[in-house]
Visitor: 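Handing you a structure now.
Residue numbers begin at 1 in each chain, while the letters A, B, ... track the order of the sequences.
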Amino acid sequence: MRRFHVYDSRTRETRVFAPITPPRVGMYVCGMTPYSAAHVGHARTMVFFDVVARALRRWGYRPFYVQNVTNLDDKVIARAADSGDDPLALADRQFRDYLASMERLGVRSVNLYPYATDYVPEILAQVRVLIEKGFAYRSDDGSVYFEVAKFPTYGSLSGQRREELRPGARLELDPRKRAPEDFVIWKAATPGEPSWESPWGPGRPGWHIEDTAMTGRLLGDRYDLHGGGVDLIFPHHEAEVALAESATGVAPLANYWMHGGLLLLEGTKMSKSLGNVAVLDAVLDEYGPMPLRLYYLNVSYRSPLEFDPARSLVEAREAYDRLAQPAQRIAELLERGGADREGEEISEGVEAEADDLVERLDTLLADDFATREAIAALYGWGRRVGELGSLARYSGASLESLYGPYEWAEEVLGLFVRDASRTGGAWSEIVPVLLEARARARARGDFAEADRIRDALAARGIRVQDGADGTRWEFDTSG
RNA sequence: GCCGAGGUGGCAGAAUGGUUAAUGCGACGGACUGCAGAUCCGUUUCCUGGGGGUUCGAUUCCCUCCCUCGGCUCCA
């Protein structure tokens with residue numbers, strides 16, 4: 001297991017990562033509430049934690065990555081009421097769309113996506129314990145609240161002091177609470193809305209307790225890593241700490257807390273409630289997944305990132321093409337000739353450089369997931385490969401060495417995952433035949449014929465490019 | 001008001017108590033090409049919010065001020 005460091009937002013310092021029971025790593029990230037389409041802000045967080053899980057696996061850990069699905073809350077209910085839908089069916093549908101988007105993005109590292117409503121027994125059990133221990137109280141209408149004053153270390157995660165909070169800064173005060181900072185853990189049922197029976201009357205779970213009930217069941221009283229966007233630190237994560245630690249008596253709930261910076265649009269947080277949203281699927285349709293991943297990972301994960309719909313991904317696409325170019329050239333040669341292809345060997349010096357670079361990439365990432373630096377190093381490798389000139393003369397073994405750093409990028413960053421749709425399908429049989437005919441035409445100087453073939457392919461969305469290593473083709477995805 | 005994260009070139013954004021402050025985008029020049037495109041190579045010496053302090057040396061460490069964003073019980 002490789003040693004690495006993470007910035008822990010609870011202690012506000014960079015710490016060596018030590019799992020409770022290595023090599024297992026219990027990892028929990030707050031997912032989105034599926035009441036409408038995911039936006040590129042959500043995706044930033046998900047791509048980042050995807051890289052964390054990928055890196056852990058590469059480094060010999062065995063992460064168990066849980067991402068919760070808050071499939072029932074006020075917003076889901078409100079949205080369902082608008083469309084005359086069943087709330088749980090709506091959430092289920094939205095969640096499936098979200099999963100499909102994650103699949104497109106290459107986010108496949110999550111082991112389990114539990115639905116909150118599948119954990120109602122655990123939630124009820126936790127509510128009961130909290131009441132028994134005197135941390136929670138029932139109001140007259142049948143709701144149950146957590147009494148923050150009973151938990152002395154409340155605020156330790158976010159650095160907030162109870163007396164400095166500004167109650168009602170954004171939301172209406174709730175008269176059923178003993179104190180404004182108390183929060184609901186069981187909501188009394190509203191007629192017509194989904195509800196469950198409980199000792200305190202029919203109702204449904206409050207938001208914060210869903211997570212602690214799920215993590216208690218799935219990851220234990222104490223686990224390794226909790227992640228999410230910085231906007232969740234307070235109150236949500238603070239509430240999780242209060243609930244879990246007072247219910248179990250075990251602290252800390254999570255040994256490391258990682259919070260990703262937000263994506264900003266026109267200087268403010270991208271959020272569905274504000275309506276300033278770039279929908280993930282639309283962006284994926286226009287630019288494809290790789291430029292988006294590169295765009296996210298090109299920044300330190302904790303910094304705010306400004307999203308400019310007109311520019312950010314246009315730039316990222318250029319940058320991605322430049323990064324991927326050497327990798328594509330090598331991969332295509334290997335595909336054609338296989339690993340056994342004959343040819344010149346690269347010098348031992350270059351081979352050693354490739355190996356050293358892979359080691360360095362791991363080292364860079366082990367410093368609080370410095371993806372930006374790793375990417376900068378990959379650009380450097382692209383220049384190195386470029387200096388070698390035409391790659392067609394090298395052996396399969398040499399090409400595989402040159403590909404090493406890119407293989408790392410595929411595995412850990414999820415970049416350059418070769419996309420069969422770019423050169424696949426029935427066209428992969430036909431195009432090479434046509435290009436061979438075109439090559440013959442060019443060789444005999446019949447450029448009119450050569451251009452006719454190229455134009456005909458272009459008319460079908462296939463871009464043909466002549467280069468030092470021969471002629472390449474791919475579907476034109478530039479829109 | 002309180003808590004937290006940020007402020008670096010034309011733009012996006014790294015890093016370090018010390019020679020030319022990474023990388024990318026853009027721009028400019030060149031190579032390659034039948035042409036086109038893509039790619040590659042080179043150049044882009046004038047960039048670290050303001051003010052103090054520590055130091056031989058500060059973008060980095062300390063103090064202070066200013067600005068931006070997030071949170072203060074809906075939020076990735």
Visitor: May I have the distance from A:Arg360 (atom CZ) to B:rA15 (atom C1'), rounded to whole angstrom?
Guide: 12 Å
Visitor: Starting from the C-alpha separation in whole Å, work towards a yes-or-no answer on side chain to side chain donor-acceptor pair (under 3.5 Å) for A:Tyr301 and A:Asp368.
Guide: CA-CA 9 Å; A:Tyr301 73 92; A:Asp368 196 27; 2.9 Å; yes
Visitor: Classify the nucleic acid contact of A:Phe183 as base, sugar-phosphate or nothing, counting any heavy atom under 4.0 Å across all strands shown.
Guide: base
Visitor: Checking side-chain contact (heavy atoms from CB on, under 4.5 Å) against A:Asn71, which of A:Leu88, A:Asp92, A:Leu90 comes through?
Guide: A:Leu88
Visitor: Output the rounded distance in Å from CZ (A:Arg176) to C1' (B:rU73).
Guide: 13 Å
Visitor: Base, sugar-phosphate, or nothing for A:Gly227, non-hydrogen atoms under 4.0 angstrom?
Guide: nothing
Visitor: Please pick, from B:rA15, B:rA36, B:rC25, the nucleotide with the shortest atom-to-atom distance to any side-chain atom of A:Glu373.
Guide: B:rA15
Visitor: Between B:rC72 atom C1' and A:Asp231 atom CG, what is the distance in whole Å?
Guide: 13 Å
Visitor: Considering only heavy atoms and no angle criterion, is a donor-acceptor pair shorter than 3.5 Å present between the side chain of A:Asp466 and the base of B:rG37?
Guide: no
Visitor: To the nearest Å, how far apart are A:Glu181 CD and B:rC72 P?
Guide: 14 Å
Visitor: Residues two or more places apart in sequence or in another chain: which of them pass salt bridge (Lys or Arg N to Asp or Glu O under 4.0 Å) with A:Arg444?
Guide: A:Asp446
Visitor: Using the P atom in both, what is the distance from B:rG37 to B:rG30, to the nearest Å?
Guide: 15 Å
Visitor: May I ask you to say what A:Gly260 touches in the nucleic acid, namely base, sugar-phosphate or nothing, with a heavy-atom cut-off under 4.0 Å?
Guide: nothing
Visitor: When the P atoms of B:rG53 and B:rG26 are compared, how many Å lie between them, rounded to an integer?
Guide: 44 Å
Visitor: Mind checking whether A:Tyr403 and A:Tyr406 have parallel, tilted or perpendicular rings, split at 30° and 60°?
Guide: tilted
Visitor: When the C1' atoms of B:rC3 and B:rU44 are compared, how many Å lie between them, rounded to an integer?
Guide: 43 Å
Visitor: Rounding to an integer number of angstrom, what distance separates B:rA5 and B:rG42 when you compare their P atoms?
Guide: 40 Å
Visitor: Between A:His42 and A:Pro235, who's closer to the 5' end of RNA chain B by nearest nucleotide?
Guide: A:Pro235
Visitor: Return the 5'-most residue of the pair A:Asp182, A:Arg44 with respect to RNA chain B, ranking by each residue's nearest nucleotide.
Guide: A:Asp182
Visitor: Could you check whether the rings of A:His236 and A:His208 sit parallel, tilted or perpendicular, using 30° and 60° as the cut-offs?
Guide: tilted
Visitor: Is any NZ, NE, NH1 or NH2 atom of the basic residue among A:Asp50 and A:Arg293 found under 4.0 Å from an Asp or Glu carboxylate oxygen of the other?
Guide: yes
Visitor: At 4.0 Å (heavy atoms only), tell me whether A:Ser312 reaches a base, stays on the sugar-phosphate, or touches nothing.
Guide: nothing
Visitor: Is the shortest side-chain N to carboxylate O distance from A:Arg452 to A:Asp455 below 4.0 Å?
Guide: no
Visitor: Touch check for A:Gly380, heavy atoms < 4.0 angstrom, all strands: base, sugar-phosphate only, or nothing?
Guide: nothing
Visitor: Sugar-phosphate atoms are those with a prime plus P, OP1 and OP2; base atoms are the rest. Using that split, label each nucleotide of nucleotides 3-13 of chain B B, S or - for protein heavy atoms under 4.0 Å, 5' to 3'.
Guide: BSSS----S-S
Visitor: I'd like to know if A:Asp182 pairs up with A:Lys150 as an ion pair, taking the criterion as any Lys NZ or Arg NE/NH1/NH2 lying under 4.0 Å from an Asp or Glu carboxylate oxygen.
Guide: no
Visitor: Could you spell out the base pairing of RNA chain B as a dot-bracket line? Use Watson-Crick and G-U wobble contacts where both distances are under 3.5 Å, [ ] for crossing pairs, | for partners on a different strand.
Guide: (((((((..(((.....[....)))((((((.......))))))....(((((..]....))))))))))))....
Visitor: Donor-acceptor pair under 3.5 Å: do we get one between A:Arg317's side chain and the base of B:rC25?
Guide: no
Visitor: With the side chain of A:Arg322 defined as its heavy atoms from C-beta on, choose the nearest nucleotide among B:rG34, B:rA76, B:rC25.
Guide: B:rC25
Visitor: Is A:Ser143 reaching over with its side chain to a backbone N or O of A:Ala188, donor-acceptor style, under 3.5 angstrom?
Guide: yes
Visitor: Find the distance A:Arg442:CZ to B:rG37:C1' and express it as a whole number of Å.
Guide: 12 Å
Visitor: Looking at side-chain heavy atoms only, is the closest gap between A:Leu413 and A:Trp408 below 4.5 Å?
Guide: yes
Visitor: Expressed in whole Å, how much space separates the P atoms belonging to B:rG13 and B:rU8?
Guide: 9 Å
Visitor: Taking atom P of B:rA76 as reference, at what distance in whole Å does atom CZ of A:Phe95 sit?
Guide: 14 Å
Visitor: Considering only NZ, NE, NH1 and NH2 on the basic side and carboxylate oxygens on the acidic side, decide whether A:Arg442 and A:Asp466 come within less than 4.0 Å.
Guide: yes
Visitor: With a 4.0 Å cut-off on heavy atoms, is A:Asp308 in touch with a base, just the backbone sugar-phosphate, or nothing at all?
Guide: nothing
Visitor: Mind checking if A:Arg452 touches a base, just sugar-phosphate, or nothing, with heavy atoms under 4.0 Å?
Guide: nothing
Visitor: State whether the distance check finds a donor on one side and an acceptor on the other, under 3.5 Å, for side chain A:Tyr320 versus base B:rU23.
Guide: no
Visitor: State whether the aromatic ring of A:Phe234 stacks on the base of B:rG71, taking stacking to mean ring centres under 5.5 Å apart and ring planes under 30° to each other.
Guide: no
Visitor: What distance separates A:Glu306 CD from A:Ser312 OG, expressed to the nearest 0.5 Å?
Guide: 7.5 Å
Visitor: Give a yes/no on whether any side-chain N or O of A:Lys269 is located under 4.0 angstrom from OP1 or OP2 of B:rA76.
Guide: no
Visitor: Distance check, C1' atoms only: B:rU33 and B:rC41, in whole angstrom units.
Guide: 16 Å
Visitor: How many Å lie between CG on A:Leu294 and P on B:rU23, as a whole number?
Guide: 16 Å
Visitor: Would you mind reading off the distance between A:Gln325 atom CD and B:rC40 atom C1', rounded to a whole angstrom?
Guide: 9 Å
Visitor: Between B:rU20 and B:rC46, how far is it from one P atom to the other, in whole Å?
Guide: 10 Å
Visitor: Categorize A:Val184 for me: base, sugar-phosphate, or nothing, with a 4.0 angstrom heavy-atom threshold over every strand shown.
Guide: nothing
Visitor: Taking the minimum atom-to-atom distance to the side chain of A:Glu318, which one of B:rG24, B:rG26, B:rU39 wins?
Guide: B:rG26
Visitor: Take the angle between the ring planes of A:Phe146 and A:Phe183 and call it parallel below 30°, perpendicular above 60°, tilted in between.
Guide: parallel
Visitor: What integer number of Å spans the P atoms of B:rA58 and B:rU19?
Guide: 11 Å
Visitor: Looking at B:rA76, B:rG24, B:rA36, which one has an atom nearest to any side-chain atom of A:Met32?
Guide: B:rA76
